Novice: 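Below are the C-alpha cells for one structure; questions will follow.
So that the names make sense, note that chain A is the first sequence line, chain B the second, and so on, each numbered from 1. Fair warning: this is a prediction, and the values are worked out from it, not measured in the lab.
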Number of protein chains: 2
Amino acid sequence: MERPRIRDYFQQDLSQNETITPKQRAILQASLDLFAEKGFDQTSTSDIAQRAGVAEGTVYRRYKTKAALRDAILAPITAHIVPILASDFSEDKLRQRYPSLQAFVTAIFTDRVAFAKANVKELKVIFEMAAFDTERREQILSQIAPKMVKQMGSVINQLKADHLIVDWPNDLILQSLLSQLFGYLAQLMLELPGTEIEREQAYLITVMTKILTPGEHDQITGQ
Amino acid sequence: MERPRIRDYFQQDLSQNETITPKQRAILQASLDLFAEKGFDQTSTSDIAQRAGVAEGTVYRRYKTKAALRDAILAPITAHIVPILASDFSEDKLRQRYPSLQAFVTAIFTDRVAFAKANVKELKVIFEMAAFDTERREQILSQIAPKMVKQMGSVINQLKADHLIVDWPNDLILQSLLSQLFGYLAQLMLELPGTEIEREQAYLITVMTKILTPGEHDQITGQ
DNA sequence: AAAATAAGTGAGTGATAACTCATTTTAATG
DNA sequence: CATTAAAATGAGTTATCACTCACTTATTTT
C-alpha cells in the first residue's frame with residue numbers, strides 16, 4: 001500500500017501551479033464543472049465567465065479559444081493516464097507471479113478504479129469529445145490500446161500457464177473486464193441512483209475475479 | 001425462434017408510414033445519420049438539408065424545431081423499447097422455470113442485444129441526450145428501471161431458489177450484466193477496432209452466463 | 001512613488017445557425 | 001385542362017455566441 005495515492009490530477013495541477021492567478025483557476029474549475037454538467041457545446045463562454053465570477057474577456061486572456069480551454073483542462077489527465085495504465089506492469093510487478101486471481105485483479109484494477117472515480121468529470125468531458133470526434137478517438141486509442149493489450153497480455157498468459165485464469169482469448173478477457181469498469185464509470189458519470197459507491201467498488205473486484213475464475217462453463221458458445 | 005425478429009424501428013416506421021413524403025423521409029434519415037456522426041449540437045439544420053438534398057425551409061415544414069426533429073427520430077425507438085424490455089417476463093415465460101443459466105441468459109438477452117445492435121445510431125443519440133439532460137435522463141430511467149428491477153428480480157429469485165444462480169444481491173447481478181451489455185454497446189457505438197461483431201455477440205452470452213454461475217469465489221470482499 | 005508590466009474588463013463585432021415567410025413548384029381533384 | 005391544395009423553396013430575419021480590443025485596475029520593478 002506504499003503506492004502513491006490516486007488523486008484528481010486536475011485539482012492537483014491547479015493547486016500545485018503557483019503561476020496561475022486565482023481568477024484563472026476559477027475559470028478552469030468553472031469550465032470543467034459546466035462541461036461535465038451541460039456538455040461542451042451547450043456551455044457558452046459567458047456561462048463560464050459568470051460561474052467563475054469574471055468578465056468574459058478574462059476567459060480569453062490565457063486560452064485563445066474555447067477548445068484550447070477544454071484541452072488545457074484535459075492536459076493533466078492525459079499526461080497522467082499513461083503512467084497509471086502502465087503501472088503494475090513495469091519491471092518488478094511483471095516478473096512476480098500473482099498467487100491468485102483475486103491478487104491479480106486487485107493489483108491491476110484498484111488504482112484504475114480509484115483513478116476513474118477521482119476524475120469522473122474529466123472522463124465525462126473526454127468521452128463526449130471522443131464520441132463524436134473520430135480522429136481524436138483513434139488518436140487516443142492508438143496511444144493506449146496497444147500498450148494495454150501487450151502488457152496485460154503477458155500477465156494473462158502467465159496466469160494461463162499457471163491455470164489460474166479462464167482459457168479465453170485475451171481480447172475477450174480484456175473486453176469483459178473493461179466492460180465492468182466501463183459500466184461502473186457510466187454509473188458514476190450518469191449519477192445513476194441506488195449506488196453506494198464504496199460498496200460498488202468492492203463488488204467490481206469480486207465480479208471481475210469471478211469472470212476470470214476457471215470453471216466448467218467456459219466454452220465459447222454459438223460459433 | 002418463432003419470436004418476432006428485431007428490426008431497426010426507425011427504419012420500420014419510416015417504411016411503414018405511407019403519409020410521409022420522400023423528402024421528409026430523407027430529412028429524418030439524414031438527421032439520424034448526422035446526429036450519430038457529429039452529435040446534435042454540431043449538426044446544423046443546413047447540414048441536414050444538404051445531406052437530404054432539400055432546401056432548409058423543408059426541414060421546418062413538418063417539425064417546428066430542431067429538437068422536435070430529434071424527438072421525432074427517437075419516438076419510434078422509445079415507443080418500442082419498453083415492450084422489448086418487458087418481453088420474456090410476461091405471463092408464461094415468468095411462470096416457466098429456466099432449466100439452466102444458459103437458457104435464462106439466452107432468453108433474456110438475445111433480443112436485447114439484437115435490439116441494441118439494430119439501433120446503434122438511435123441509442124447513440126439517446127445517450128448523448130441523456131448524458132447532459134438530467135431531467136430527461138431521470139424521466140427515462142423512472143419509466144424503465146423499476147419495471148426491469150421488479151421483473152428480473154422475480155426471475156432471479158426463482159433461479160436462486162433452485163440454486164442455479166450466484167447468491168449475490170439482485171442489484172449487483174443486474175449491474176454486472178448490464179455492464180457487459182453496456183460495454184458491448186460502447187464497442188458498437190464507438191466503432192472500436194478489433195471487433196468481429198457476430199463473434200462478440202456469442203461471447204457476451206458466455207460471459208454473462210459465467211458471471212452468474214454459482215461457485216466458490218462468490219463472497220463479496222471488502223464489505 | 002513613479003514607471004513599467006501584467007491582469008482584468010465589458011462593450012462591441014462578425015459569423016453562424018435556428019427559424020420565418022412570401023413565392024414557386026408539384027400533386028391532386030373535378 | 002383548369003382549379004385548388006399541399007409541398008417545397010431560399011432569401012431574409014433575429015438571436016446567440018465566440019472572440020477582439022481599447023481601456024482600466026492591480027502588481028511588480030526600479
Side-chain angles (χ1 to χ4, degrees), chain A residues 13-75 125 128-129 131-133 136, chain B residues 13-75 125 128-129 131-133 136:
Chain A
D13 267 43
L14 271 194
S15 54
Q16 280 177 357
N17 194 337
E18 298 289 337
T19 67
I20 206 170
T21 85
K23 297 213 167 184
Q24 292 298 330
R25 218 177 293 241
I27 287 167
L28 288 172
Q29 186 66 59
S31 300
L32 173 62
D33 291 347
L34 285 167
F35 291 161
E37 272 172 38
K38 316 199 310 178
F40 181 76
D41 288 316
Q42 280 299 325
T43 302
S44 71
T45 48
S46 94
D47 285 341
I48 294 169
Q50 205 171 341
R51 175 78 65 101
V54 301
E56 202 176 341
T58 312
V59 174
Y60 285 90
R61 174 132 206 97
R62 190 163 296 239
Y63 307 104
K64 291 196 209 310
T65 67
K66 194 179 149 193
L69 179 56
R70 177 193 56 199
D71 295 345
I73 288 172
L74 297 185
V125 179
E128 188 200 8
M129 191 175 66
F132 298 110
D133 188 335
R136 290 278 271 266
Chain B
D13 267 43
L14 270 194
S15 53
Q16 280 177 357
N17 194 338
E18 297 291 335
T19 68
I20 207 171
T21 98
K23 296 213 168 184
Q24 292 298 330
R25 217 177 293 239
I27 287 167
L28 287 171
Q29 185 67 59
S31 300
L32 173 62
D33 291 347
L34 286 167
F35 290 162
E37 273 171 38
K38 315 199 312 179
F40 181 76
D41 287 316
Q42 280 300 323
T43 301
S44 72
T45 49
S46 94
D47 285 340
I48 294 170
Q50 206 171 342
R51 174 79 65 101
V54 302
E56 202 175 340
T58 312
V59 174
Y60 286 90
R61 175 138 201 92
R62 191 164 296 240
Y63 307 104
K64 292 199 209 307
T65 68
K66 192 179 151 193
L69 179 57
R70 177 192 57 198
D71 294 345
I73 289 172
L74 297 185
V125 178
E128 188 199 8
M129 190 175 69
F132 298 112
D133 188 334
R136 291 278 270 268

Novice: Find the distance R25(B):CZ to dA7(D):C1' and express it as a whole number of Å.
Specialist: 15 Å

Novice: Nearest-Å distance, CD (Q50(B)) to C1' (dG10(D))?
Specialist: 14 Å

Novice: Using a 4.0 Å heavy-atom cut-off to protein, can you give one letter per nucleotide of nucleotides 4-18 of chain C, 5' to 3': B if the base is in contact, S if only the sugar-phosphate is, - if neither?
Specialist: ---BBBB------SB

Novice: Less than 4.5 Å apart, any side-chain heavy atom of Q42(B) and any of L34(B)?
Specialist: no

Novice: Measure the distance from NZ on K38(A) to C1' on dT16(D) and round it to the nearest whole Å.
Specialist: 13 Å

Novice: Once you round it to whole Å, what is the distance between C1' of dA18(D) and CD of Q42(B)?
Specialist: 13 Å

Novice: Are the side chain of D47(B) and the backbone of S44(B) linked by a donor-acceptor contact shorter than 3.5 Å?
Specialist: yes

Novice: Within this structure, what is the CG-to-P distance between L69(B) and dC19(C), rounded to whole angstrom?
Specialist: 10 Å

Novice: According to ring pair (Phe, Tyr, Trp, His ring centres under 6.0 Å), who are the partners of F40(B), at least two apart in sequence or on a separate chain?
Specialist: F35(B)

Novice: Please give, in whole Å, the distance from dC19(C) P to K64(B) NZ?
Specialist: 12 Å

Novice: Roughly what angle, to 10°, lies between the helix axis at the start of the helix from dA1(C)-dT30(D) to dG30(C)-dC1(D) and the one at its end, five pairs per end?
Specialist: 20°

Novice: Not counting sequence neighbours, which residues clear side-chain hydrogen bond (donor to acceptor under 3.5 Å, both in side chains) with T65(B)? List them please.
Specialist: none

Novice: Please lay out, stage by stage, how T45(A) and E56(A) fare under the test side-chain hydrogen bond (donor to acceptor under 3.5 Å, both in side chains).
Specialist: CA-CA 7 Å; T45(A) 48; E56(A) 202 176 341; 2.8 Å; yes

Novice: Only counting residues at least two apart or in another chain, list the ones meeting side-chain hydrogen bond (donor to acceptor under 3.5 Å, both in side chains) with T43(A).
Specialist: none

Novice: For R70(A), give me all partners under salt bridge (charged side-chain N to carboxylate O under 4.0 Å, His left out), at least two apart in sequence or on another chain.
Specialist: none

Novice: Salt bridge between K38(B) and D41(A), side-chain N to carboxylate O under 4.0 Å?
Specialist: no

